[in-house]
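Starting from 1, each residue takes its place in the sequence as its number. From a predicted model like this one, the values you see are computed outputs, not experimental measurements.
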Amino acid sequence: MVPSRRQLLQVTGAVSLTALAGCSATSVLDREESTEEYTLHIDAINASPTEYALYEPDDDALFGTPARTALEAIVPEGRHTTYGYKPLPSDAYVEHDGSYFQTKHVVTGQERVERSLVQVTPISEENVPEDAILIDTLDRPAARVLKILHSYTQTGGRTSTAELLRGDQYVLRRPVEQESRLGTGELDGQVFTMTEDGTWAYRVHVTTEGIVETAYTALAVNVASSRQQFRDVVFGSRIDATLTADELSPDARDRLEQTINRGSSSETAPLPDSFVTLLKALHLGAVDTAANGKLLWYDDALYRYGLYVNDAS
């Protein structure tokens with residue numbers, strides 16, 4: 001997961017906290033036997049909302065180079081098509097000559113292209129050859145692919161990276177992957193190990209075939225022609241809660257400022273009124289398990305916040 005020091009994290013948890021949604025502070029916690037603990041985290045962000053919202057590609061060749069290539073092609077007006085992968089995060093904000101744009105992707109068809117596909121076969125420790133390659137000695141593009149395949153094999157396909165695979169094969173799509181030792185075929189037939197003692201060893205198989213890839217076309221939509229206009233865009237699309245000290249009751253304000261100073265605040269149900277009031281002001285009144293990556297603008301300062309609900313027993 002949309003990779004940059006300014007890239008806005010927008011990961012939201014499940015919704016529906018019956019303990020808070022649509023209830024008063026007293027009825028919320030008519031559940032005297034509840035063992036749920038509510039932990040509110042708030043961290044300061046040392047950037048303005050507009051600075052924080054702007055996306056900048058990383059410096060690495062794997063993800064950063066394709067992203068910069070795409071941005072150069074689409075801003076201010078243009079198109080950039082890739083096959084099988086999106087080089088940019090969707091809905092990211094970028095600036096160009098004082099104007100502000102949002103990145104978008106549309107599917108513009110399919111095309112059969114020649115790709116290198118990587119697959120691994122587990123090798124028993126006693127069959128590991130002396131010239132086996134340690135994973136950590138490989139460059140990042142090759143090592144990353146092989147680690148993904150290792151994880152897939154060890155979890156029986158239940159890894160979070162399984163969606164990156166085509167069955168049990170990794171397709172080399174990005175330019176630096178195609179130029180790596182895997183892409184050139186140099187590692188085809190080689191054995192690599194995940195550890196120095198030969199634990200978790202695999203033989204690499206690289207094949208080349210034509211596969212049908214989805215065509216993703218990136219473009220940039222102009223959203224603002226000045227910094228002030230862009231600030232309004234950011235507040236309308238990225239900021240989850242905007243508060244001032246005067247808008248909160250004294251107890252809720254104290255609770256908020258204590259949480260900001262400490263970094264977190266926890267309560268076990270039944271929750272005190274001040275905590276419930278603060279959660280509602282932060283639009284966290286319908287959270288059942290977790291909500292994170294939220295943004296708060298409070299008294300001219302930016303914060304990231306989240307709520308986690310766990311069993312306290």
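From Tyr85, atom OH reaches atom CG of Leu164 across 14.0 Å, with rounding to the nearest 0.5 Å. Separating the CD1 atom in Ile211 from the CG atom in Leu117 is a distance of 5.5 Å, to the nearest 0.5 Å. Between Arg238 atom CZ and Thr50 atom OG1 the span is 12.5 Å, to the nearest 0.5 Å. From Thr277, atom OG1 reaches atom CG of Asp251 across 8.5 Å, with rounding to the nearest 0.5 Å. Rounding to the nearest 0.5 Å gives a distance of 7.5 Å between CD of Glu56 and CG of Leu54. To the nearest 0.5 Å, atom OH of residue Tyr38 and atom CG of residue Leu307 are 8.0 Å apart.
No side-chain heavy atom of Glu77 sits under 4.5 Å from any side-chain heavy atom of Phe101. For the pair Phe192/Leu146, a side-chain contact is recorded, criterion being any heavy-atom separation below 4.5 Å from C-beta on. Residues Val118 and His205 form no side-chain contact, since every pair of their non-hydrogen atoms from C-beta on lies 4.5 Å or further apart. With a 4.5 Å cut-off on side-chain heavy atoms, Ser116 and Gln178 do not count as touching. Residues Arg255 and Ser265 are in side-chain contact: their nearest non-hydrogen atoms beyond the backbone lie under 4.5 Å apart. Residues Leu62 and Glu177 meet the side-chain proximity criterion, which asks for heavy atoms closer than 4.5 Å. The shortest side-chain heavy-atom distance between Glu72 and His80 does not fall under the 4.5 Å cut-off. Counting heavy atoms from C-beta outward, Thr153 and Thr121 have side chains that stay 4.5 Å or more apart.
Among residue pairs with one or both ends in residues 107-163, those qualifying as ring pair (Phe, Tyr, Trp, His ring centres under 6.0 Å) are His150-Trp200, His150-Tyr202; sequence neighbours excluded. The ring pair (Phe, Tyr, Trp, His ring centres under 6.0 Å) analysis of residues 272-302, with sequence neighbours excluded, yields the pairs Phe235-Trp297.
In terms of hydrophobic clustering, with Ile, Leu, Val, Met, Phe, Trp and Tyr side chains grouped at heavy-atom distances under 4.5 Å, Leu219 and Leu88 are assigned to different clusters. Under the 4.5 Å side-chain heavy-atom criterion for Ile, Leu, Val, Met, Phe, Trp and Tyr, Val309 and Leu284 are members of the same hydrophobic cluster. Under a hydrophobic clustering in which Ile, Leu, Val, Met, Phe, Trp and Tyr are joined whenever their side-chain heavy atoms come within less than 4.5 Å, directly or via other members, Leu172 and Leu165 fall into the same cluster. Follow the hydrophobic side-chain contacts under 4.5 Å out from Val171 and you never reach Val176; the two are in separate clusters. Under a hydrophobic-cluster definition in which Ile, Leu, Val, Met, Phe, Trp and Tyr are linked whenever side-chain heavy atoms come within less than 4.5 Å, directly or via other members, Leu182 and Met194 are assigned to the same cluster.
Panel note: side chain Asp188, backbone Val206; a donor-acceptor pair is recorded below 3.5 Å. Side chain of Thr103 to main chain of Pro89: a donor-acceptor pair is present (N/O by atom type, distance under 3.5 Å, no hydrogens or angles). Within the 3.5 Å criterion, the main-chain N or O of Ala162 finds no donor-acceptor partner in the side chain of Thr159. Put simply, the side chain of Thr193 never gets that close to the backbone of Glu196: no donor and acceptor are under 3.5 Å apart. When atom types are taken as modelled, the side chain of Glu257 and the backbone of Asp254 share no donor-acceptor pair closer than 3.5 angstrom. Side chain of Arg253 to backbone of Ala245: a donor-acceptor contact under 3.5 angstrom is found.
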**Asked** So Asp43 and Ile260, side chain to side chain contact (heavy atoms under 4.5 Å, CB included) or not? Walk me through it.
**Response** CA-CA 7 Å; Asp43 300 307; Ile260 288 172; over 6 Å; no
**Request:** Check step by step if side chain to side chain contact (heavy atoms under 4.5 Å, CB included) holds for Leu295 and Ile45.
**Result:** CA-CA 9 Å; Leu295 291 179; Ile45 296 174; 3.6 Å; yes
**Prompt:** Going through the checks in order, is the side chain to side chain contact (heavy atoms under 4.5 Å, CB included) test met by His105 and Asp91?
**Reply:** CA-CA 9 Å; His105 289 94; Asp91 299 329; over 6 Å; no
**Asked** Run the ring pair (Phe, Tyr, Trp, His ring centres under 6.0 Å) check on Tyr305 and His41 step by step: do they pass?
**Response** CA-CA 5 Å; Tyr305 68 96; His41 290 271; over 10 Å; no
**Item:** Candidate pair Phe230 and Tyr93, rule ring pair (Phe, Tyr, Trp, His ring centres under 6.0 Å), full reasoning
**Value:** CA-CA 9 Å; Phe230 181 56; Tyr93 292 124; 5.3 Å; yes
**Pair Leu243-Leu296, side chain to side chain contact (heavy atoms under 4.5 Å, CB included): steps then yes or no** = CA-CA 8 Å; Leu243 297 173; Leu296 165 68; 4.0 Å; yes
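In terms of heavy atoms, Ser99 sits closest to Ser225 at OG-CA, 4.1 Å. Scanning both residues, Tyr83 and Arg173, for their nearest heavy atoms gives O-CD, 4.0 Å. Shortest non-hydrogen contact noted between Pro57 and Gly64 is CB-O, 3.9 Å. A pairwise comparison of heavy atoms in Ala61 and Pro66 identifies O-CD, 3.4 Å as the closest pair. Taking every heavy atom of both residues into account, Ser151 and Thr155 meet most closely at O-OG1, 2.8 Å. Contact between Arg174 and Pro87 at its shortest, heavy atoms only, is NH1-CA, 4.4 Å.
Between Tyr100 and the options Arg227, Gln229, Glu95, Arg231, a side chain to side chain donor-acceptor pair (under 3.5 Å) holds for only Arg227.
Inspection of the Thr39 and Ser264 side chains reveals no N or O donor paired with an N or O acceptor under 3.5 Å. If you check the side chains of Gln119 and Asp168, you find a donor sitting under 3.5 Å from an acceptor. No hydrogens or angles considered: a donor-acceptor pair under 3.5 Å links the side chains of Thr195 and Asp197. Between the side chains of Thr244 and Glu247, a donor-acceptor pair is found at a separation under 3.5 Å.
Other residues, nucleotides and ligands place more than 12 heavy atoms under 6.0 Å from the CG atom of Asn261.
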For residues 129-142, which side-chain N or O atoms pair as donor and acceptor with protein atoms under 3.5 Å away, sequence neighbours left out?
unit_1	atom_1	unit_2	atom_2	d
Thr137	OG1	Leu134	O	2.6
Asp139	OD1	Ala142	N	3.4
Arg140	NH1	Asp60	OD2	3.0

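The pair Arg115-Glu209 fails the salt-bridge criterion, with no side-chain N (NZ, NE, NH1 or NH2) lying under 4.0 Å from an Asp/Glu carboxylate O.
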